[in-house]
Amino acid sequence: MIPGPIRTERLTLLPLEVAHADEMAAVLADPALYVFTGGEPPTPAALRVRYARQVAGPPDPGTDWLNWVVRVATAGDAGDARGPLAGYVQATVTAGRSAEVAWVVGVAWQGRGIAREAALGMARWLAGHGTRELTAHIHPDHHASAAVARALGLTPAGAPDADGEVPWTGQTVDSGDH
């Protein structure tokens, strides 16, 4: 499965490229992003290495790594994707039918529904390409991510894992908002 561009009302999800690393390092630079997930802001060099690995894909032929950066449309953009990057969405698809999904939106862009819109766009794309089940892992205190998961139709499905995150599962969305 190869990710293609995805357009939503206000966003364009662009397949990840190593060239996105410098701009994404700025998007991911606020330490507040790592309160629930741990870690620290990556350097542009570290992102270039990570993105090269992600673009190359997984070693398992039954798994696909699908990664998109989220570009916000600007006035008069008309879908040309000239606006700033605001975050990313990603899916690890196994056997084409189930996906582990995640989303991150930079602190400067939070509170505007961007994560919800981007995650829904990705979920619809995945559904259109045969993926039927989604799972996201969310820290129990991360209420904004829980709201995105609910928008995707996911529900909590068990106890926290070793990282303290709760699995949320559900079926992919096909059209319309939840």
Side-chain angles (χ1 to χ4, degrees), residues 1-28 33 37 39 42 44 46-74 77-106 109-110 112-138 145 148-149 151-154 167-178:
M1 199 177 306
I2 298 172
I6 301 168
R7 296 199 196 295
T8 69
E9 182 179 342
R10 301 175 297 155
L11 310 170
T12 301
L13 310 183
L14 299 169
L16 180 69
E17 297 177 3
V18 175
H20 293 125
D22 289 341
E23 188 175 355
M24 282 302 297
V27 172
L28 302 174
L33 275 178
T37 61
L47 277 184
R48 283 190 286 280
V49 170
R50 181 187 311 165
Y51 289 177
R53 187 175 59 248
Q54 289 174 325
V55 169
D60 180 0
T63 301
D64 292 302
W65 289 345
L66 308 176
N67 298 278
W68 293 267
V69 292
V70 177
R71 190 168 295 282
V72 178
T74 58
D77 192 353
D80 292 335
R82 293 183 299 239
L85 294 181
Y88 65 85
V89 293
Q90 59 189 37
T92 299
V93 181
T94 305
R97 303 224 11 108
S98 63
E100 299 264 341
V101 296
W103 48 86
V104 173
V105 171
W109 295 99
Q110 291 178 4
R112 303 178 195 189
I114 291 172
R116 178 184 187 277
E117 186 174 332
L120 280 167
M122 174 182 62
R124 290 182 182 124
W125 188 93
L126 290 167
H129 288 80
T131 301
R132 297 293 168 243
E133 299 171 8
L134 299 179
T135 300
H137 297 272
I138 301 171
S145 275
V148 173
L152 293 175
L154 306 182
W168 288 60
T169 62
Q171 302 297 306
T172 52
V173 294
D174 51 11
S175 63
D177 287 339
H178 286 131

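Remember, it's a predicted structure, so these values are computed and weren't measured experimentally.
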For this session: For the residue pair T92 and T63, establish whether any side-chain heavy-atom pair is separated by less than 4.5 Å.
Result: yes

Problem set entry | Smallest separation among heavy atoms of V55 and E17, with atom names | CG2-CA, 4.3 Å

Problem set entry | Chi angles and distances behind the side chain to side chain contact (heavy atoms under 4.5 Å, CB included) call for L14, W68 | CA-CA 5 Å; L14 299 169; W68 293 267; 5.7 Å; no

Exercise. Do you know which two heavy atoms are closest between A118 and V70, and how far apart they sit?
Worked result: CB-CG2, 3.8 Å

For this session: To the nearest 0.5 Å, tell me how far I2 CD1 sits from H129 NE2.
Result: 10.0 Å

Exercise. Which distance, rounded to the nearest 0.5 Å, do you find between the CD of E9 and the CD of E117?
Worked result: 6.0 Å

Problem set entry | Trace of the side chain to side chain contact (heavy atoms under 4.5 Å, CB included) decision for I114 with R10 | CA-CA 8 Å; I114 291 172; R10 301 175 297 155; 4.3 Å; yes

Problem set entry | From CZ (R112) to CG (L11), nearest 0.5 Å | 11.5 Å

Seminar exercise, completed: Scanning both residues in full, the closest heavy-atom pair of Y51 with M24 reads OH-CB, 3.3 Å

Exercise. To the nearest 0.5 Å, what is the distance between CD (E23) and CZ (R71)?
Worked result: 5.0 Å

Problem set entry | Closest non-hydrogen atom pair between D22 and R48, with its separation | OD1-NH1, 2.6 Å

Exercise. Is it true that a side-chain atom of Q110 and a backbone atom of V105 form a donor plus acceptor pair closer than 3.5 Å?
Worked result: yes

Exercise. Does any non-hydrogen side-chain atom of V69 lie less than 4.5 Å from one of V27?
Worked result: no

For this session: For residues L152 and W168, determine if any side-chain heavy atom of one lies less than 4.5 Å from a side-chain heavy atom of the other.
Result: no

Exercise. Does some side-chain heavy atom of T169 sit less than 4.5 Å from a side-chain heavy atom of L154?
Worked result: no

Exercise. Hey, are the side chains of H20 and Y88 touching, using non-hydrogen atoms and a 4.5 Å cut-off?
Worked result: no

For this session: For the residue pair P42 and L28, establish whether any side-chain heavy-atom pair is separated by less than 4.5 Å.
Result: yes

Seminar exercise, completed: d(L120 CG, W103 CH2) to nearest 0.5 Å is 9.5 Å

Problem set entry | Heavy-atom pair of closest approach, residues A127 and T172 | CB-OG1, 3.4 Å

Seminar exercise, completed: Separation between CZ (R97) and CG (L126), nearest 0.5 Å, reads 12.5 Å

Seminar exercise, completed: On a heavy-atom basis, the closest approach of A119 and V89 is N-CG1, 4.1 Å

Problem set entry | D60 side chain vs G62 backbone, donor-acceptor pair below 3.5 Å | yes

